[in-house]
Amino acid sequence: MTLLYTEIEEELRASVRALLADRCPPAAVIERVESEPADLDLWKTLAGEIGVAGLLIPEELGGAGAGPGEAGVVLEELGRAVAPVPFLTSAVLATRALLPTRDALLGELAEGRRTAALAVSFAASPYRPQRGSAVRAEGGRLSGTVTGVAGADAADVLLVPVDGELYAVEAAAAVVTAGPSLDLTRPVATVTFDRAEARHAGACDLAAVLRLGAALLASEQLGVAEWCLETTLGYVKERHQFARPVGSFQAIKHRLADLWLDVVRARAAARNAVADPSAVSVAVAQAWNAGVAVRVAEEALQLHGGIGMTWEHPVHLYLKRAKSSEIALGTPGDHRAALASLVGVPGPEGGEQ
Amino acid sequence: MTLLYTEIEEELRASVRALLADRCPPAAVIERVESEPADLDLWKTLAGEIGVAGLLIPEELGGAGAGPGEAGVVLEELGRAVAPVPFLTSAVLATRALLPTRDALLGELAEGRRTAALAVSFAASPYRPQRGSAVRAEGGRLSGTVTGVAGADAADVLLVPVDGELYAVEAAAAVVTAGPSLDLTRPVATVTFDRAEARHAGACDLAAVLRLGAALLASEQLGVAEWCLETTLGYVKERHQFARPVGSFQAIKHRLADLWLDVVRARAAARNAVADPSAVSVAVAQAWNAGVAVRVAEEALQLHGGIGMTWEHPVHLYLKRAKSSEIALGTPGDHRAALASLVGVPGPEGGEQ
Amino acid sequence: MNEADIKQRVAEFLAGHDPAGDRLEFLRARFDAGLAWVWFPEGLGGLGASRELQQVVERELADTPQINGGKQGIGLGMAAPTILAFGTEEQKRRFLRPLWTGEEIWCQLFSEPGAGSDLATLATRAVRDGDEWVVDGQKVWTSGAHHARWAILVTRTDPEVPKHRGLTYFVCDMNAPGVEVRPLRQITGEAEFNEVFLTGVRLSDDLRLGEVGDGWRVAQTTLMNERVAIGGAPTRRGGGVMAAVLDAWRERPELRTHDLHQRLLSLWVEAEATRLSGARLREQLAAGQPGPEGSGMKLSFAKLNQALTGFDVEFNRDLGYDDWTFRRSEDVDFFGRGPGYRYLRAKGNSIEGGTSEILRNIVAERVLGLPSEPRVDKDVPWKDLPR
Amino acid sequence: MNEADIKQRVAEFLAGHDPAGDRLEFLRARFDAGLAWVWFPEGLGGLGASRELQQVVERELADTPQINGGKQGIGLGMAAPTILAFGTEEQKRRFLRPLWTGEEIWCQLFSEPGAGSDLATLATRAVRDGDEWVVDGQKVWTSGAHHARWAILVTRTDPEVPKHRGLTYFVCDMNAPGVEVRPLRQITGEAEFNEVFLTGVRLSDDLRLGEVGDGWRVAQTTLMNERVAIGGAPTRRGGGVMAAVLDAWRERPELRTHDLHQRLLSLWVEAEATRLSGARLREQLAAGQPGPEGSGMKLSFAKLNQALTGFDVEFNRDLGYDDWTFRRSEDVDFFGRGPGYRYLRAKGNSIEGGTSEILRNIVAERVLGLPSEPRVDKDVPWKDLPR
């Protein structure tokens, strides 16, 4: 087990970064988020040419047979670009849910021919996997509603966990209602099934699926924090006030040094969570990285001054992503609470108060 | 009700401050703390000449008939000097315990002829008044132990609450064992009674006594924070590094500005707690001021650099006082927990987790 | 003039003017009676009385037609005191009455894309041309520019001298040719503010406020009045942003956790200590002991609002938003909107009206007396400054 | 030279020297065999091998007599690399062997009361007198001075030039007349450190390390080695200071509250994230990719230790202390003492070996590439600096 990046991971990173630099600059993201956020053309290239959609799928099922480490690197890059593509929702969450079933759909997902979404609230967590879901299965048909589903807008097929079983529903057979979302680049939708035709795919340990999602979300949060820190560093080196670069003022320097220490630790926590996606590692990574991403994004906005408050500057996309991700797949507080029993730091129950 | 200081209070402050400047400079305190911390000569002057011992005692019982506002101003000054005198322990805690009984001892306390201590742990709180006490009364005699008693070393008489009743025991009839204390200027002792002769003085609402003590401790914490902030400001204006006053470096300036904001709010909270010593006001003042005193003392030490780590510089006396006071009469967490029900911010009981 | 005198004046005024009649006529008459701002001179809406007595007037006239404090905020809070301090008699008579009655709305043309915290480095040029000045430049963060009749404007008239010395202050005619107002969209989706482009705008010299080259001093008067106005309103315990959070907290017990509970209690204590220090500050002001505490209120409130609104979003586990529509908003409808809006809007609290960084500098230097940093721009002609 | 070669050398050495014999003889022989620090040159305790191979030697010789890493810390970590880099052949031969075996203990005479963070402003004077130098001044925060045979010493030899240029570096004979060592009492009660007064101390010129006036460059080598040494030790999950806190937490359930529980969980997460970044840093170093992360470890650990020890005192509600006695302590007995001691001692973590303020400057400028502040002392002769 290593916390460093492998050469293969660095090569994958370079490919993804180059593609995103070309096809997904922040200005382009801002332009599309209000009309059609998901960039399915970009996703097609990422899936088809770079092969990211099949990273977690074994070779014998049509995938690349890679692991969380590679997926984490892709998410770092997607986070750095707040790229509106369904990697986390389709190639991580939905794929991981489907993996134990070895369903033939996996091959299609791996090739990027089809895209899936896990019909579970993005606000659910490994500790409360049912949050936001009220779906029942009757005679091969599903009825009910799931709120806050991420990636549903970009999905051809919805994977719906009901009572420990996983069902596949064609997106056309469900009603997907997107409302305004705090995260413009990964909007959530309400998904409603009304006796929708469903195919039983197999068993589903939803908590385990969401745990892997949380492990990888930590890498995305690292990417968000990295972009915010680097962009802010660039800005304060250039921006002059009082005839000095803003970045030469000591109070600013010290804050940025502290943020950098936070990001360095976020990188270690993210790599630990993909190297060993155990309950403890994932809880640590989420408890730390979610807060770091929010803090760095908030400081980025502040240190950009007025320009950071404008729609035209991309920093708000990152702030919105960071704040939504803080809620997604368990809040930092949820993950800390889980650690209490995982690592033996019991609460006051039985003691005073 | 006002949050400002009255003219009478400012005059009282000026007298106390002048006396302390003369008789209780920090160097003198450092010199005495390891041999005989309590300065009973100074206490005699404060009680006899300025009349601080009887502030809370009505005129008809031999006191000055003043109120918590005046006592608060005295404590601000005593905090600024970390003066080793038993004002809080005798003239506030013990006196307040005795007041409802209208016991004749009050007159002696008011004049400073005798000094009392409340035989209750300084780590007890309005919410857990019994913490550290195990004393029983049998036939006019007391037996048992109280740990962490502040002011016992300077007391002629001990006031001991047992089951809602208050007993007076001559100090000579108890065993007072002082161990090393974190707060050098207000050491705590273990007090042991072995069938000690006791006089029943009346009923005692110990929680109410400790609440007033906590209200006034907030003023002392304000004084500690003020000294630390002012002394640090003085130091960083004088101390040069890199050919500039250390206080001209922006990171230092911003930290001191933030500390000042904390102290400004601590002043408001302290004045509110003496103007209206209700459960809410006291809990707010303690929850805020205890932390501010510790934070400012810690920053004072840091900003003094190496000299702050030396025994000869007085800043450590303030740090030790601040940290001990954080525990005394309820921690900030205890006071916040009390606010949950006092102001209607209920916890998760009944909800999730 | 004491409280009784003032009450008498109000009574006389009310005897002559029916509050139920025409609103504008009533307000004009109130101005003419010296009951607009009693501490202003007679003839200019005031009575030369002490400022505290204004409270008496407001109490007595509480049930009569009122001016619009929100829409007229810049005029009342910033333009009026500056005109009073630096205007010619003619300017005072021309501008103050319609400013107060709300017949003419004002906005502020100070900040520029390149001059935010360092306002004195601003680049909008005014060049003299006979009895007129020709103004070219770009201003930003101008609220209400689209319905303003007039603006207070700071320009650079001499680039050859150090930055603080080459500025001149004007009243700008917002109807003049060459003034273009564009809404400026914020991260909340809406546009509270504007960008204002000034292209060959001609202002006659009698619109100049103060001497040529004295604009920095004039602007300081304006900014001092702005900072006093921010963050000074009294709130009740548990009020303000905290109230919005507590409502949600009480209504949704199923979302509470120990983590959130402990954080909320800490924020409650901070909010209460901050509120108490605001109350104490108002007592000091009322007692005529201003004290330095005012400088810090905005800092404390910005931090608190940001922490509370961030907490609110997390508590509600709300991945949604209410409305991203790009539209002009006249006011900040803080409490009428969702937690996501409040979270984003509160981010501006530590930037608008002086960033928290600048305010910490001010507290450190003016309140705590800490030495200033080495300055590299004091004696350099503006045109030679690095930017 | 590879791992197998080294193992062979060790085997040969062990064949000729009995670890059960005289300790000092064994250590001297180990030095002479080049197994003291294998990356040093042959004849100076090394073999000119790569530094990683030292681990092999340590593993192979783990059960033999060891040097005292604590008491010899300054010599091994700071003096030795500096002597190696700047010493004459004669100096290297004279000093390195007894330094390594522990026959001669070293201390460091750098900081002064007036020169802490700004070390280069130091005032201890060295004046040439023929083949000797006469040293006068006061040094502070010197650990181990009372049993040190030698010290590394930085002095000012030219007050007329800017501060970085007038310094000269010496080896100071701690037995020389005029060297007076006084224990320096800390806030914990004990004295880990000393003040050292130098009065007319005469040092022969062959004790000079590096050129006259080049002392700053020599000192940088020393300090670089100090910073690498701090905060680098591997810990297990929940280990270090956290372990002491968790022991108390688990033993005393009656003292737990929700407030403390939530804070402890947050600290646990911070400790674990910090530990992981330390582990990652060590992986980088082992892989020959040093990376800038090292600069920050001390900062992170200082903050964490201070938060944890403060928490510990509060959790224990402990108003007592273990021992205020003023005595000389050889080592920091962090875990053998009470929570109060740990709380006070940890306050030094953000001061000793570079304050957290200086380390933040270093991270900001050297790692993040942020511009330095305007400097007012670069070109001013030392004697004219304000102080």
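Throughout, protein chains are lettered first and strands after them, A, B, ... in sequence-line order, and every chain is numbered starting at 1.
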Asks: Please assess A/Leu182 against C/Leu344 for the test side chain to side chain contact (heavy atoms under 4.5 Å, CB included), listing each intermediate value before the final yes or no.
Replies: CA-CA 10 Å; A/Leu182 180 59; C/Leu344 296 174; 4.3 Å; yes
Asks: Go through it in stages, so that I can follow the logic: the residues are C/Glu373 and A/Gln250, the test is side-chain hydrogen bond (donor to acceptor under 3.5 Å, both in side chains), and I'd like the CA-CA distance, side-chain angles, deciding distance and then a yes or no.
Replies: CA-CA 10 Å; C/Glu373 293 190 273; A/Gln250 199 195 34; over 6 Å; no
Asks: Give, as side chain, backbone, both or neither, the part of C/Asp318 having an atom under 4.5 angstrom from any heavy atom of chain A.
Replies: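 Only the backbone of C/Asp318 comes within 4.5 Å of chain A.
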Asks: Any chance NZ of A/Lys237 has more than 12 other-residue heavy atoms, nucleotides or ligands included, within less than 6.0 Å?
Replies: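 Enclosed: over 12 neighbouring heavy atoms sit under 6.0 Å from NZ of A/Lys237.
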Asks: How long is the straight-line distance from CD of A/Glu34 back to CZ of C/Phe326, given to the nearest 0.5 Å?
Replies: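 Reported to 0.5 Å precision, the distance equals 9.5 Å.
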Asks: With a 4.5 angstrom heavy-atom cut-off, could you sort out which part of A/Leu317 is near chain C: side chain, backbone, both or neither?
Replies: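 Looking at A/Leu317, nothing touches chain C.
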Asks: Can we say C/Glu254 and A/Arg131 salt-bridge, meaning some charged N sits less than 4.0 Å from an Asp/Glu carboxylate O?
Replies: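 No.
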Asks: Walk me through whether A/Thr310 and C/Phe193 qualify under side chain to side chain contact (heavy atoms under 4.5 Å, CB included).
Replies: CA-CA 10 Å; A/Thr310 63; C/Phe193 301 96; over 6 Å; no
Asks: When rounded to the nearest 0.5 angstrom, what distance separates CZ in A/Phe242 from CG in C/Leu385?
Replies: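 Reported value, rounded in 0.5 Å steps: 11.5 Å.
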Asks: Does the side chain to side chain contact (heavy atoms under 4.5 Å, CB included) test come out yes or no for A/Ser181 and C/Leu319, once each step is laid out?
Replies: CA-CA 6 Å; A/Ser181 297; C/Leu319 297 168; 6.0 Å; no
Asks: Using non-hydrogen atoms and a 4.5 Å limit, figure out which bit of A/Glu238 sits close to chain C: side chain, backbone, both or neither.
Replies: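 Neither; nothing under 4.5 Å.
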Asks: Relative to chain A, which of C/Gln186, C/Arg375, C/Lys163 shows the most heavy atom pairs under 4.5 Å?
Replies: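 Option with the greatest count: C/Gln186.
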Asks: Can you list every pair that meets ring-ring contact (aromatic ring centres under 6.0 Å, His included) and has a residue in residues 306-325 of chain A, with sequence neighbours left out?
Replies: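 Listed once each, the pairs are A/Trp227-A/Tyr318, A/His304-A/His313, A/Trp311-A/His316, A/Trp311-C/Trp324.
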Asks: Would A/Lys320 and C/Ile187 satisfy side chain to side chain contact (heavy atoms under 4.5 Å, CB included), going step by step from the backbone distance to the final call?
Replies: CA-CA 10 Å; A/Lys320 291 163 186 174; C/Ile187 64 173; 4.3 Å; yes
Asks: At what distance, to the nearest 0.5 angstrom, does CG of C/Leu260 lie from CG of A/Asp334?
Replies: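 The CG atom of A/Asp334 is 8.0 Å from CG of C/Leu260, to the nearest 0.5 Å.
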Asks: Of all of A/Pro180, A/Ser324, A/Ala123, which one pairs up most often with chain C through heavy atoms under 4.5 Å apart?
Replies: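 Most pairs with chain C among the choices: A/Pro180.
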Asks: Please lay out, stage by stage, how C/Arg317 and A/Glu326 fare under the test salt bridge (Lys or Arg N to Asp or Glu O under 4.0 Å).
Replies: CA-CA 9 Å; C/Arg317 294 179 188 263; A/Glu326 189 183 43; over 6 Å; no
Asks: Examine the side chains of C/Ser117 and A/Gln241 and answer whether a donor and an acceptor come within less than 3.5 Å of each other.
Replies: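 Absent: no donor and acceptor within the cut-off.
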Asks: Is C/Asp322 in contact with chain A via its backbone, its side chain, both, or neither, using a 4.5 Å heavy-atom distance?
Replies: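 Interface part for C/Asp322: backbone (N, CA, C, O).
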Asks: For chain C, find which of A/Gly148, A/Gly306, A/Ala328 contributes the most heavy-atom pairs closer than 4.5 angstrom.
Replies: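 It is A/Gly306.
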Asks: Heavy-atom pairs under 4.5 Å with chain C: which of A/Gly132, A/Gly305, A/Ala150 has the most?
Replies: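 Of the candidates given, the most pairs with chain C belong to A/Gly305.
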Asks: Which answer fits A/Val246, side chain, backbone, both or neither, if we ask what part of it has an atom under 4.5 Å from a heavy atom of chain C?
Replies: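 Contact with chain C: none, neither part.
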Asks: For C/Ala191, is it the side chain, the backbone, both, or neither that has a heavy atom closer than 4.5 Å to a heavy atom of chain A?
Replies: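 It is neither, since no heavy atom gets under 4.5 Å.
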Asks: With a 4.5 angstrom heavy-atom cut-off, is it the side chain or the backbone of A/Arg336 that approaches chain C, or both, or neither?
Replies: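 Contact with chain C: side chain only.
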Asks: Side chain from CB out, backbone as N, CA, C, O: work out which of these in A/Ala251 comes under 4.5 Å of a heavy atom of chain C, or both, or neither.
Replies: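 Neither part, no heavy atoms under 4.5 Å.
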Asks: Taking A/Arg239 first and then C/Asp118, would you say they form a salt bridge - that is, a charged N and a carboxylate O separated by under 4.0 Å?
Replies: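 No, A/Arg239 and C/Asp118 are not salt-bridged.
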Asks: Yes or no on salt bridge (Lys or Arg N to Asp or Glu O under 4.0 Å) for A/Glu298 and C/Lys347, after CA distance, side-chain angles and deciding distance?
Replies: CA-CA 8 Å; A/Glu298 289 180 343; C/Lys347 291 280 165 276; 3.5 Å; yes
Asks: Looking only at non-hydrogen atoms, find the nearest pair between C/Pro386 and A/Ala243 and report the distance.
Replies: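 Looking at all heavy atoms of both residues, the shortest contact is CG-O, 3.4 Å.
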Asks: Based on non-hydrogen pairs under 4.5 Å, which of C/Gly340, C/Ser350, C/Ser111 is most in contact with chain A?
Replies: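 Highest number of heavy-atom pairs under 4.5 Å: C/Ser350.
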Asks: Taking A/Thr147, A/Leu184, A/Asp183 one by one, which has the highest count of heavy-atom pairs under 4.5 Å against chain C?
Replies: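 Top count of heavy-atom pairs under 4.5 Å with chain C: A/Leu184.
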Asks: Where the side chain of A/Lys323 meets the backbone of C/Val313, is there a donor-acceptor pair that is under 3.5 Å apart?
Replies: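 Such a contact is absent between A/Lys323 side chain and C/Val313 backbone.
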Asks: If you count every heavy atom of other residues, nucleotides or ligands that lies below 6.0 Å from C/Glu180 atom CD, does the total exceed 12?
Replies: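 Enclosed: over 12 neighbouring heavy atoms sit under 6.0 Å from CD of C/Glu180.
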Asks: For the CE atom of A/Met309 and the CD atom of C/Glu192, what is their distance to the nearest 0.5 Å?
Replies: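 Here the rounded value is 7.5 Å.
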